[in-house]
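In what follows, a structure is listed as structure tokens, so that the remarks can point back to it.
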Amino acid sequence: MKHQVESQIIANRRIHGDYFQVDFNAPEIARAAQPGQFVHVRIPLLEHRVLRRPFSIYNVEPAAGTVSVIYKVVGEGTECLSQTPADTVASLLGPLGCGFTVPATADVQPVIVAGGYGCAATYLLARRSPRKPVCLFGARTEADLLLVKEFEALGCEVRIATNDGSRGHRGFVTALLEPFLKAAQPRPVAVAACGPNPMLKAVAKDLLLHGLDGEISLDHAMCCGVGACFACVIKRKSDNPDGWEYARTCIDGPVFPASQTVWD
Amino acid sequence: MADLSVNLGGIRLRNPVVTASGTFGYGKDYLDLVPMERLGAITVKGVAPFASHGNPTPRTAEVFGGMLNAIGLQGPGIDKFLHHKDYMPFLRTVDTKVFVNIWGKKLEDYIEVASRLEAEPEGIAALEINISCPNIKEGGIAFGTDTKQAAAVVAAVRAATSLPLITKLSPNVTRIGDFAKAVVDAGSDMISLINTMPAMAIDIETRRPRIANVTGGLSGPALKPIAVRMVYEAAKAVKVPVIGMGGVSTPEDAVEFLLAGATAVGVGTAIFTDPGVLVRIVDGIDAYLERHGCKSVNEIIGAVRV
Ligand SMILES: Cc1cc2nc3c(=O)[nH]c(=O)nc-3n(C[C@H](O)[C@H](O)[C@H](O)COP(=O)(O)OP(=O)(O)OC[C@H]3O[C@@H](n4cnc5c(N)ncnc54)[C@H](O)[C@@H]3O)c2cc1C
Ligand SMILES: Cc1cc2nc3c(=O)[nH]c(=O)nc-3n(C[C@H](O)[C@H](O)[C@H](O)COP(=O)(O)O)c2cc1C
């Protein structure tokens, strides 16, 4: 069930570079949220704009009723959000979208591939997986890495790739994924990915090359956030005569099977 | 509490607030968020005889005072609309009136979709003919900006169905009164206006249009004063009920349209901003009527003092 919650901001602070964390008091959403879902936020200082802004749910504490989001300042809305003081009331819609599948048993080894706010979008998945995921985090440089300690505190093994080699493997994160896709794995893997489009495209390609599937979370500018307006569509495979259809990232996604996406 | 009910060409609405086509999907998406039993009516997204992909992306851009869209009428087509559980079968379970917006690329498409709905009319209060979609290349635009063609579409649909007809007018014309008259003479029971206004936005860094279709329709608050003027002119030109829309986002906006001559008011883009706005507008109209000592909303329809 979706909720509209007039939610008080409990805390809103810079965590790292351009990244901020905001905690909302939104008990209905905190209780219902599943890994990979998002909230659609009416930013109070952005009242002169007509659209909400979507943010992945980073963490929830159902007992306390809090929903946390990690966001990067990239434009007017996120800039306004970063300046919003605690106690301000913001309207939230959520939890929205179809999220990641939480493995049912510890027989499956989850592997998370993430970059940027994608690390936040996969945190609940890591928290709720019966077997702790191996996390492969990619970033341009060490300073862009997010949440490494938080994932380690959950018991996850975090492996890192930076483009400039300032930490971990030098190069793309997909190089770290390769060993997990080889048939020699002791147990089946469940790959979940969220991050910049080129990363997702590469992950999807590698999965399919090895005859595997996985789940990737796609990001597209949204309007309604609930499936009504058809603004946020991406191409997905279909059995119609054209072989593809436009699917809504807000309600059919944002998480899609890697095997279903069509990359132009 | 004042009497909010209105008579829209024989259709009784519990209040004058209706959702604008294309901004409320087929109703189901908002089921958790909007109490349908508080709405006057919902207008569903445009239905054509065929399924269609719609336009390439990006399809929308936020601009000051509103947004541009060129969704391009992505939709399931009439077969799925009539029989898949998420569309008409769902809409029949909802406690509000349902207007089905229809469109086509050619005259025959309008006739086909109207005939199919005529054959299974249960749960449909009226058809809204979209002759004015600005975002379809071969599409509605020609019908919407030529009085003769507009009348031809309406007459053809009129012949195909006995369901009440609403004709949705484009703002992209010089004399809106002529269009209102033409479609009413051709058999439309009411009119709705305005659709979005053709517009454009450019990303100055990439120097590319901000939506893939290059141009798109402007909706939202920026549209409102234009819409109020056009509703005022159209309502003066014809005797049938008018559904006014364009940028309505507060109860005060809705009252303005009623004063200009609208019998019902459509809300679109503002639902994206805040789904709670629909009920707030209903309650706010009531509060306005109380404050002005009116017993019924009918007392303010067309009551602008010029
Ligand atoms: C399902 C989903 C989950 C998301 N989760 C997070 C999250 O957890 N943390 C986070 O920081 N961000 C997240 N985003 C992206 C976030 O919504 C955008 O960064 C935000 O809307 C930008 O708003 P703005 O007003 O600051 O920027 P604007 O002024 O609107 O735009 C600034 C720049 O960002 C681009 N942009 C705007 N929206 C998007 C978008 N959706 N995708 C790609 N580019 C965009 C614009 O084209 C422009 O170049 C998510 C997006 C989606 C769709
Ligand atoms: C995303 C979007 C999709 C729309 N789709 C349709 C449509 O399918 N058929 C139609 O007649 N009008 C459509 N419209 C126009 C609206 O119904 C309405 O006439 C217009 O947006 C002005 O109202 P507003 O400012 O309240 O949004 C659409 C508008 C938007 C913003």
Side-chain angles (χ1 to χ4, degrees), chain A residues 1-6 28-29 32 40-44 46-54 75-77 90-97 197 218-236 238 240-252 262 264, chain B residues 19-34 42 44-46 51-77 86 210-211 216 218-223 247 249 268-277 279:
Chain A
M1 168 131 188
K2 307 167 194 138
H3 301 274
Q4 174 161 5
V5 182
E6 303 311 309
E28 298 91 333
I29 298 175
H40 212 17
V41 183
R42 179 87 179 120
I43 296 171
L46 198 66
E47 250 157 24
H48 55 289
R49 295 284 180 179
V50 294
L51 297 179
R52 291 171 177 253
R53 299 291 188 267
E76 192 186 6
S91 168
L92 260 56
L93 302 180
L96 303 178
N197 253 343
L218 297 172
D219 172 345
H220 196 295
M222 286 180 183
C223 293
C224 73
V226 298
C229 73
F230 292 78
C232 64
V233 298
I234 54 110
K235 279 187 180 173
R236 166 172 83 181
S238 159
N240 69 18
D242 296 334
W244 65 274
E245 64 187 356
Y246 277 126
R248 297 158 292 179
T249 46
C250 67
I251 184 168
D252 303 315
V262 178
D264 276 333
Chain B
T19 66
S21 177
T23 62
F24 205 64
Y26 306 90
K28 198 168 184 181
D29 303 317
Y30 279 107
L31 193 57
D32 293 345
L33 299 170
V34 175
I42 63 185
V44 304
K45 192 173 157 56
S52 67
H53 285 309
N55 286 330
T57 58
R59 292 175 167 184
T60 56
E62 195 179 31
V63 297
F64 200 84
M67 59 178 278
L68 308 189
N69 92 79
I71 306 294
L73 290 158
Q74 180 175 350
D86 291 344
R210 286 179 57 203
I211 53 181
L218 173 67
S219 65
L223 211 52
S249 41
T269 302
I271 304 172
F272 301 160
T273 319
D274 185 358
V277 76
V279 167

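Note on naming: letters A, B, ... go to the chains in the order of the sequence lines (proteins, then strands), and numbering restarts at 1 for each one.
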With rounding to the nearest 0.5 Å, note down the distance linking [atom1] in [X] to [atom2] in [Y].
{"X": "D29(B)", "Y": "C224(A)", "atom1": "CG", "atom2": "SG", "value": "6.5 Å"}
{"X": "Y30(B)", "Y": "K2(A)", "atom1": "OH", "atom2": "NZ", "value": "8.5 Å"}
{"X": "H40(A)", "Y": "F272(B)", "atom1": "NE2", "atom2": "CZ", "value": "9.5 Å"}
{"X": "C229(A)", "Y": "M67(B)", "atom1": "SG", "atom2": "CE", "value": "6.5 Å"}
{"X": "L96(A)", "Y": "L33(B)", "atom1": "CG", "atom2": "CG", "value": "7.5 Å"}

Q.
If we count only N and O atoms by modelled type, under 3.5 Å, do the side chains of Q4(A) and D274(B) hold a donor and an acceptor together?
A. yes

Q. Which heavy atom of K45(B) sits nearest a heavy atom of F230(A), and at what distance?
A. CE-CD1, 3.7 Å

**Q.** V50(A) versus G66(B), closest heavy-atom pair with distance
**A.** CG2-O, 3.5 Å

**Q.** Per-residue contact mode, T60(B) against chain A (heavy atom under 4.5 angstrom)
**A.** side chain

Q: Please look at P56(B) and chain A and tell me whether the side chain, the backbone, both or neither of the residue comes under 4.5 angstrom of a heavy atom of that chain.
A: both

Q.
In terms of relative ring orientation, are H53(B) and Y246(A) parallel, tilted or perpendicular, with 30° and 60° separating the classes?
A. perpendicular

Q) Is the closest basic N to carboxylate O distance between E62(B) and R53(A) below 4.0 Å? A) yes

Which bit of [X] comes within less than 4.5 Å of chain B, counting heavy atoms only: side chain, backbone, both or neither?
{"X": "R49(A)", "result": "both"}
{"X": "A221(A)", "result": "neither"}
{"X": "H3(A)", "result": "backbone"}
{"X": "L93(A)", "result": "side chain"}

Q: Using modelled atom types only, decide if a donor and an acceptor are shared between the side chain of R52(A) and the backbone of T273(B) within a distance under 3.5 Å.
A: yes

